[in-house]
Amino acid sequence: MRINPYFLKLIQSADDSLGKQAIPSLEEIQDYTCLTDPLGEDSRSPVPNLVHKYPDRALLLVTNQCAMYCRFCTRKRKVGTDRLHVTEETLQAGYDYLRKTPAIREVLISGGDPFLLEDEKIRSILSSLRNIPSIEVIRIGTRVPSVLPMRITESLVRILRNFHPLYINTHFNHPAEITEESARACSLLADAGIPLGCQTVLLKGVNDNPETLKKLFLLLLKIRVKPYYLFQADLTQGTDHFRTRTETGIKIMRKLYGHISGMAIPTFALDGPGGKGKIPLTPRYIKNKGKNLTFENYLGEICTYPETGDGI
Ligand SMILES: *Cc1c(COP(=O)(O)O)cnc(C)c1O
Ligand code: SF4
């Protein structure tokens, strides 16, 4: 476990929404359902610390350290342990693979949390990736803006802004994580022209209701972070007690669409076990397909739309 002083201060009690994310629970060792490598990452790893699952993008793991170890982490088999071992050699092997695989046009840098590395190391990774002509977009996945926002410094941002197009997807799960400090961190990044997205995990007892998520997504928009994904919890060993039924997420999404800004609404998705990829789960608005498409709007009113083509 790791809980830094900043996040500890935000926790009011062990079983509140922030406490549950950070403090170990006995339920973690009473999980008989979940898997150690739920996304089949290890079998889709052509070189150590690189996962190539989709045709045009790849995931590069650059550190095993995080500012806090989330109890529900998908990669908990590795983060904070030497099963995720990053060296200059593994990084070079990753760059070589990317150079030899020009179909990859986007690289996601993750870990662990890339912003736990020193500024100069971050610069060196970004510049090595930028030197590979086939890589168009660089994306960093980091929870630092929500769990250690003071790590987003002027000097870090001065480095990042040299590597555009650079996107950052951060990770907020609860409105109480949006503080003056996290808002300042996101502002610094956004002011450097870095588009910010958020990957939220749907967690039982933490944020599994429409009011909490609505508040979170609207607050994120205000700090210039676009909700990107809401994830169904992965089948990760030791995290079964955080899982909700998929229907819970779908019902929550129905309470969001149309009721709040479309910009505040992420895609609810399930990451298929065994590396099958992300599957969007959406409420069923379509009632009937045929000459007329019959559907329900966000208020539950029935509408039709005449299809074009045969017979019309
Ligand atoms: C999630 C993920 C991606 C990125 O998927 P997007 O839908 O583009 O966000 C890429 N590679 C791996 C291995 C992933 O798990
Ligand atoms: S910050 Fe991300 S990688 Fe690190 S423990 Fe939390 S969920 Fe896992």
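Just follow the structure's listing: the first ligand is 1, and inside any ligand the first atom is 1.
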Rounded to the nearest 0.5 Å, what separation is found between the [atom1] atom of [X] and the [atom2] atom of [Y]?
X	Y	atom1	atom2	value
L10	I3	CG	CD1	11.5 Å
T142	L116	OG1	CG	7.5 Å
T153	R158	OG1	CZ	8.0 Å

[atom] - nearest protein heavy atom and its distance:
atom	answer
atom 1 (S) of ligand 2	R143 CB, 3.6 Å
atom 7 (O) of ligand 1	Y229 OH, 2.6 Å
atom 1 (C) of ligand 1	K278 NZ, 1.3 Å
atom 2 (Fe) of ligand 2	H171 ND1, 4.4 Å
atom 8 (Fe) of ligand 2	C73 SG, 2.3 Å
atom 11 (N) of ligand 1	Y54 CD1, 3.8 Å

ask   = Under the 6.0 Å and 45° cation-pi test, does R254 pair with Y285?
value = yes
Note: D56-R105 ion pair, threshold 4.0 Å (strictly below) = yes
message = So that I can tick it off, tell me whether K53 and D271 are bridged by a salt bridge, with the cut-off set at under 4.0 angstrom between side-chain N and carboxylate O.
response =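 Answer for the salt bridge query: yes.
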Using only atom types and a distance under 3.5 Å, with no angle test, would you say the side chain of [X] pairs donor to acceptor with the backbone of [Y]?
X	Y	value
T267	A269	no
R77	L35	no
N173	V206	no

request  = Tell me, please: is M68 in heavy-atom contact with ligand 2, that is, under 4.0 Å?
outcome  =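 Yes, that is the case, since the closest heavy atom of the residue is under 4.0 Å from the ligand.
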One residue to check: [X]. Relative to ligand 1, which of side chain, backbone, both or neither has a non-hydrogen atom less than 4.0 Å away?
X	result
E41	neither
Q199	neither
L39	neither

request  = Out of R44, R57, K53, E106, indicate the one that has the non-hydrogen atom closest to atom 8 (O) of ligand 1.
outcome  =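 Considering heavy atoms of R44, R57, K53, E106, the nearest to atom 8 (O) of ligand 1 sits in R57.
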task = Mark up the atoms of ligand 1 that fall under 4.0 Å of a heavy atom belonging to V51, in ascending order.
result = 13 (C)
request  = Give the atoms of ligand 1, by number and element, whose distance to some non-hydrogen atom of Y228 is under 4.0 Å.
outcome  = 6 (P), 7 (O), 8 (O), 9 (O)
remark   = Per-atom filter on ligand 2: closer than 4.0 angstrom to a heavy atom of C66 are 1 (S), 3 (S), 4 (Fe), 5 (S)
request  = Between C70 and ligand 2, find which residue part has any heavy-atom pair under 4.0 Å and reply side chain, backbone, both or neither.
outcome  =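 Contact part for C70 vs ligand 2: both backbone and side chain.
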inquiry  = Other residues, nucleotides and ligands only: do more than 12 of their heavy atoms fall within 6.0 Å of CD on E180?
reply    = no
